[in-house]
Amino acid sequence: MTSQKPRSPSTPHRPSQGNRDFRNRTKRGGKQPDEQKNIPRGAPQPLTGNAAAQPCILLKAGREKSLLRRHPWIFSGAIERVDGAPLGGDTLPVRDAAGNFLACAAYNPDSQITARVWSWDASEVIDAAFFRRKIAAALNARDALGLRQNSSGMRLIHAESDGLPGLVVDRYGDTLVMQIGSAGVERWRDTIADLLQELCNPACIYERSDSDSRGLEGLEPRNGVLRGALPESVEVVEHGLRFKVDVAAGQKTGFYLDQRDNRALTGTLAKDREVLNCFCYTGGFSLYALRGGAKSVLSIDASGDALRIAAENLTANNLDATRAEWQEADVFQALRKLRDQGRSFDFIILDPPKFAPTAAFAEKAARGYKDINLLAFKLLRPGGLLATYSCSGGISEDLFQKIIAGAALDAGVDAQIIHHLHASADHPVLLSFPEGTYLKGLVLRVGL
Ligand code: SAH
């Protein structure tokens with residue numbers, strides 16, 4: 001990359017309608033360290049440089065490598081110093097130790113991920129036109145891939161992998177749900193909402209910025225209508241099946257869009273089988289299995305609210321309720337109980353929540369995955385199928401497969417992998433951002 005003069009400092013990149021509360025809360029510039037009272041515990045200390053200089057992030061020598069590979073995160077440990085007096089959410093040029101331009105990125109002194117790249121192009125201005133281009137590109141890509149065909153629900157913007165770090169936008173029919181997970185997007189929230197309104201013309205844009213990861217960014221949770229009015233009932237029709245979506249209080253943005261294709265696959269595998277669906281949420285895999293001709297489906301989840309919606313979904317789709325049983329329970333305990341009762345199944349689905357958000361939790365998570373998979377292998381009849389998933393970013397595909405192999409070994413079963421599965425195509429993975437591959441799954445057949 002060439003050494004170029006940075007674009008003008010952060011001020012011109014600020015939108016006119018910044019979120020004042022946020023900016024004031026994170027205001028850092030010019031303060032003495034002992035005045036910096038609102039730094040969350042464990043957060044990196046700011047690496048303040050020359051306060052009078054043009055705002056800029058300067059990396060330590062040799063720490064530019066991941067950026068040269070176009071990885072969009074800059075960790076606090078890679079930063080030599082931050083010049084100027086930037087605020088959280090400001091756009092700053094990032095330079096290597098020799099002063100060469102690498103990228104322009106959104107700054108967040110309150111996060112271990114201290115900057116997230118908007119652009120690799122020194123001449124690109126981060127303004128409303130930039131967001132219009134990025135959003136339009138994400139929408140067009142999905143249209144070009146024909147992703148609207150099978151569902152009225154879709155992930156329209158998949159954060160880093162769509163070039164918009166920290167921004168998730170999901171569509172459920174006429175309602176868009178926006179989730180903000182970075183200071184950079186937080187700054188441009190109103191602009192992005194206006195653009196989504198203009199480009200997608202939804203009846204409502206609802207904000208579900210209340211995920212746990214927001215805390216790691218030093219951002220307060222937020223949950224409410226951003227534009228329009230929330231319809232009384234939001235639903236998604238996926239491969240002809242109707243699902244109610246609780247955008248205000250449901251998990252994630254209300255529904256697990258990422259499992260769409262895998263749910264459809266389940267429908268094709270379920271015929272005449274006795275199915276056990278663990279971590280069923282609002283009944284996604286269960287309904288596909290029932291429609292696919294399953295003999296019976298026992299569905300287990302710890303959330304009573306999710307199970308109530310699941311039962312409503314069953315009725316809304318006119319599926320045979322006598323073949324469905326719902327159980328509110330902890331899956332770890334329920335599987336043991338089923339084992340002790342001598343129960344067995346022909347098809348088991350395990351789609352647990354994220355056990356390992358980062359690699360630091362991998363070991364504990366691995367024990368959890370092994371435990372439930374081992375129990376599932378023991379509950380399967382010969383010729384039975386196990387569809388097992390991990391949505392943990394901290395567990396690689398390779399490690400996941402090893403854990404499952406260990407579980408099968410300990411359960412004393414031989415198994416074949418029939419399918420390697422991932423998130424649906426509206427959840428693309430940026431090649432330079434392997435962290436984007438969070439969801440992986442295997443369908444296995446036991447007994448050779
Ligand atoms: N397969 C679902 C999504 C599953 S999300 C779909 O396609 O829609 C994970 C689910 O696990 C959530 O519904 C959550 O309530 C549930 N859950 C989390 N921990 C649990 C536990 N220990 N026992 C049972 N359910 C649990």
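Residues take their numbers from the sequence shown, with the count starting at 1. When a ligand or atom number is given, it counts from 1 through the structure's own listing order.
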**Complete:** Of Q251, Q259, R260, the one whose closest heavy atom lies nearest atom 12 (C) of ligand 1 is Q251

**Polar contact flag for T282 and ligand 1 (N/O pairs, less than 3.5 Å)** = no

**S303: numbered ligand 1 atoms lying under 4.0 Å from its heavy atoms** = 15 (O)

**Prompt:** How far does NZ of K354 sit from SG of C391, to the nearest 0.5 angstrom?
**Reply:** 6.5 Å

**Prompt:** Under 4.0 angstrom from ligand 1, any heavy atom of A306?
**Reply:** no

**Request:** Please examine the side chains of R132 and L199, heavy atoms only from C-beta on, and report whether any two atoms are closer than 4.5 Å.
**Result:** yes

**Under 4.0 Å to a heavy atom of A329 - the qualifying atoms of ligand 1, by number** = 23 (N), 24 (C)

**Message:** Does F433 have more than 12 heavy atoms from other residues, nucleotides or ligands lying within 6.0 Å of its CZ?
**Reply:** yes

**Nearest-contact summary for atom 25 (N) of ligand 1 - protein heavy atom, Å** = A302 N, 3.0 Å

**Message:** Give the atom numbers and elements of ligand 1 that come within less than 4.0 Å of a heavy atom of D351.
**Reply:** 1 (N), 2 (C), 3 (C), 4 (C), 9 (C)

**Request:** May I ask you to list the atoms of ligand 1 that are less than 4.0 angstrom from any heavy atom of Y256?
**Result:** 3 (C), 5 (S), 8 (O)

**Protein residue, atom and distance nearest to atom 4 (C) of ligand 1, heavy-atom basis** = F279 O, 3.2 Å

**Prompt:** For atom 13 (O) of ligand 1, what's the nearest protein heavy atom and its distance?
**Reply:** D301 OD2, 2.7 Å

**Prompt:** Taking W188 as the fixed residue, which of F130, F131, W118 is the one that meets the ring-ring contact (aromatic ring centres under 6.0 Å, His included) rule?
**Reply:** F131

**Asked** Which distance, rounded to the nearest 0.5 Å, do you find between the CD of Q341 and the CG of L379?
**Response** 10.0 Å

**Fill in**
Quick look: C278 vs ligand 1, heavy-atom contacts under 4.0 Å, and the answer is neither

**Asked** Quick one: do R260 and D426 make a salt bridge, cutoff under 4.0 Å?
**Response** yes

**Asked** Would a 4.5 Å heavy-atom cut-off, applied to side chains only, mark L59 and I79 as touching?
**Response** yes

**Prompt:** Among Y172, Y281, F255, which one satisfies ring-ring contact (aromatic ring centres under 6.0 Å, His included) with F243?
**Reply:** F255

**Prompt:** Looking at atom 6 (C) of ligand 1, what's its closest protein heavy atom, distance included?
**Reply:** R263 NH1, 3.5 Å

**Prompt:** Got more than 12 heavy atoms from elsewhere within 6.0 Å of CG, D212?
**Reply:** no

**Message:** When you measure from the heavy atoms of C391 to every atom of ligand 1, does any distance fall below 4.0 Å?
**Reply:** no

**Asked** Any non-hydrogen atom of D330 lying under 4.0 Å from ligand 1?
**Response** yes

**Message:** Is the ring pair Y438/H158 parallel, tilted or perpendicular, if the boundaries are 30 and 60 degrees?
**Reply:** tilted

**Message:** So, regarding P353 and ligand 1 (criterion: nitrogen or oxygen to nitrogen or oxygen, under 3.5 Å), is there a contact or not?
**Reply:** no

**Message:** I'd like to check which ligand 1 atoms, numbered from 1 as shown, lie under 4.0 Å from a non-hydrogen atom of Y281.
**Reply:** 2 (C), 3 (C), 4 (C), 8 (O), 13 (O)

**Asked** Do any nitrogen or oxygen atoms of V331 lie less than 3.5 angstrom from nitrogen or oxygen atoms of ligand 1?
**Response** yes

**Request:** Identify, by atom number and element, the atoms of ligand 1 in contact range of F285, meaning under 4.0 Å from any of its heavy atoms.
**Result:** 1 (N), 7 (O)

**Request:** Taking the six-membered ring for Trp and the single ring otherwise, decide whether the centroids of F285 and Y389 are under 6.0 Å apart.
**Result:** yes

